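Read through the structure below, which is laid out as structure tokens, and then see the notes.
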Amino acid sequence: TGEAYDAKKSFLELNFNSPADIDFLNNEFGTEQNDFVIYKSAYYFNEINNSININDQINQKILDIGAGTGCTARIIKALIKKSSICIIDINTSIIYSILNLLNRFPNSKFILPNEISTDFNMNLDDYDFIFLTPKLIKHIPKSYFDIAINTDSFQEMTKNEINKYFNLLRTTLKKENYFYCSNAAEKVMMNESKEEYIRFAEYPWISSDEDIFYNLTYVHKDRTTKPFFVKLTKLSLY
């Protein structure tokens, strides 16, 4: 990103800027920030909301895979107060979403990875936020989530890891579901010292998945020339 890049200006030039608009973001994150991650997260929320019209009257159960700093989850919870959000992330990253979300929602009900034992019988309905590492995903019940999100993290995984998460999605989403996915069109990853091309089009989509839209995304406009795809789809289940 060059010094001249202005995340706020780029966000305002995009079409999806409501309901997570500038006034909302200023109130939520402060007027002095000009953080691309925040504006990118707002764009993701707005694009989902524009397509499926989620609102705070619906008790949405949402799965966020690779949440990073947790800004997308924060925007969702601030605008859809009845939502419950399960975040899956690696040990070195999940602490950032934990700190962000629990500082913002100190009175929320939550459970942390270290509080889950191997024989733990978890009722997800008891929590606003569930924080899980990949080793704990076996605790997620089948046919539970309404919406799943993955942004900018499948592109950092091997094909085998991506396949595992698609298996998780196809077993833990409800029959009527939505999956929002935005990742690099192609990225080279190292897998056991060998190059592996991770391509969005080669994720384990199947012909019976029902796409709402599938196209290049402009959320990275002016920031990078690398193409990114975005897809909102209804996943077929196992």
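Computed from a predicted structure; not experimentally measured. Start at 1 with the first residue, then count along the sequence.
- Side chain of S83 to backbone of I80: a donor-acceptor contact under 3.5 angstrom is found.
- With respect to E196 and K159, no salt bridge is recorded, no charged nitrogen being found less than 4.0 Å from a carboxylate O.
- The distance between the ring centers of F200 and Y214 falls below 6.0 angstrom.
- L99 belongs to a hydrophobic cluster with I95, Y96, counting contacts under 4.5 Å between side-chain heavy atoms of Ile, Leu, Val, Met, Phe, Trp and Tyr, direct or through other members.
- For the pair N183 (side chain) and D152 (backbone), a donor-acceptor distance under 3.5 Å is present.
- Side-chain contact between L169 and L237: absent, with no pair of heavy atoms (C-beta onward) separated by less than 4.5 Å.
- The shortest side-chain heavy-atom distance between I38 and T72 does not fall under the 4.5 Å cut-off.
- Taking all atoms of both residues into account, the shortest heavy-atom contact from N100 to R74 is OD1-NH1, 2.8 Å.
- The salt bridge (charged side-chain N to carboxylate O under 4.0 Å, His left out) test with D128 is passed by exactly one of K77, K81, K109, K82: K77.
- I90 and L132 fall into different hydrophobic clusters, where Ile, Leu, Val, Met, Phe, Trp and Tyr side chains are chained together by heavy-atom contacts under 4.5 Å.
- Residues I140 and C86 come closest through the heavy atom pair CD1-SG, 4.4 Å.
- Contact between A78 and E28 at its shortest, heavy atoms only, is CB-OE1, 3.7 Å.
- Ionic pairing of D146 and K61 is not present here: no N-O contact between side-chain nitrogen and carboxylate oxygen is shorter than 4.0 angstrom.
- Residues S41 and C71 approach most closely at OG-CB, 3.4 Å, considering heavy atoms.
- In this structure, F29 places its CZ atom where more than 12 heavy-atom neighbours from other residues, nucleotides or ligands lie under 6.0 Å away.
- Nearest heavy atom pair, residue A73 against residue I85, reads O-CD1, 3.4 Å.
- Formation of a donor-acceptor pair under 3.5 Å by the S108 side chain with backbone atoms of F110 is not found in this model.
- Using the six-membered ring where Trp is involved, F179 and F154 have ring planes that are tilted, between 30° and 60° apart.
- Classification of K9 and D222 as a salt-bridged pair fails, no side-chain N sitting under 4.0 Å from a carboxylate O.
- Side chain of D89 to backbone of G68: a donor-acceptor contact under 3.5 angstrom is found.
- Within the 4.5 Å cutoff, no side-chain heavy atoms of M157 are placed close to those of M189.
- Under a hydrophobic-cluster definition in which Ile, Leu, Val, Met, Phe, Trp and Tyr are linked whenever side-chain heavy atoms come within less than 4.5 Å, directly or via other members, W205 and L216 are assigned to the same cluster.
- By the 4.5 Å heavy-atom criterion applied to side chains, V230 and Y44 are not counted as neighbours.
- V37 and I75 end up in different hydrophobic clusters when Ile, Leu, Val, Met, Phe, Trp and Tyr side chains are linked at under 4.5 Å.
- Side chains of L101 and I87 form a contact here, defined as non-hydrogen atoms less than 4.5 Å apart.
- In this structure, S143 contributes its side chain and T172 its backbone to no donor-acceptor pair below 3.5 Å.
- Using a 3.5 Å distance cut-off with no hydrogens or angles, the side chains of T233 and D211 do pair a donor with an acceptor.
- Side-chain atoms of N177 come within 3.5 Å of backbone atoms of L235 as a donor-acceptor pair (strictly under, hydrogens ignored).
- Residues F11 and Y39 bring their aromatic ring centres within 6.0 Å.
- The heavy-atom pair separating Q60 from I147 by the smallest distance is OE1-CD1, 3.8 Å.
- A donor-acceptor contact under 3.5 angstrom links the side chains of N150 and S153, judged on distance only.
- The closest donor-acceptor contact from the side chain of T171 to the backbone of L168 lies under 3.5 Å.
- Defined by atom type and a distance below 3.5 Å, a donor-acceptor pair is missing between the side-chain atoms of N34 and Y5.
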Pair C181, Y203 - check side chain to side chain contact (heavy atoms under 4.5 Å, CB included), show working. CA-CA 11 Å; C181 185; Y203 293 173; 4.0 Å; yes

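- Residues passing the ring-ring contact (aromatic ring centres under 6.0 Å, His included) test with F228, sequence neighbours excluded: H220.
- Counting non-hydrogen atoms of neighbouring residues, nucleotides and ligands closer than 6.0 angstrom, the CD atom of E210 reaches no more than 12 such neighbours.
- Between E156 and K187 there is a salt bridge, with a side-chain nitrogen of the basic residue lying less than 4.0 Å from a carboxylate oxygen of the acidic one.
- Not a single donor-acceptor pair under 3.5 Å links the side chain of E202 to the backbone N or O of R199.
- No more than 12 heavy atoms of other residues, nucleotides or ligands sit less than 6.0 Å from atom OH of Y197.
- Counting only N and O atoms by type, the side chains of Y180 and E47 include a donor and acceptor under 3.5 Å apart.
- Here the side chains of R223 and F36 are in contact, with some heavy-atom distance below 4.5 Å.
- Under a 3.5 Å cut-off, the side chain of D209 and the backbone N or O of I206 do form a donor-acceptor pair.
- Between Q33 atom CD and L25 atom CG the span is 6.5 Å, to the nearest 0.5 Å.
- Proximity of a side-chain donor or acceptor of N46 to a complementary backbone N or O of A20 within less than 3.5 Å is detected.
- Proximity of I198 to V188: side-chain heavy atoms (C-beta onward) are nowhere separated by under 4.5 Å.
- Residues that satisfy the ring-ring contact (aromatic ring centres under 6.0 Å, His included) test with F131, not counting sequence neighbours, are absent from this structure.
- Ion pairing between D35 and K8 fails under the 4.0 Å rule for side-chain N and carboxylate O.
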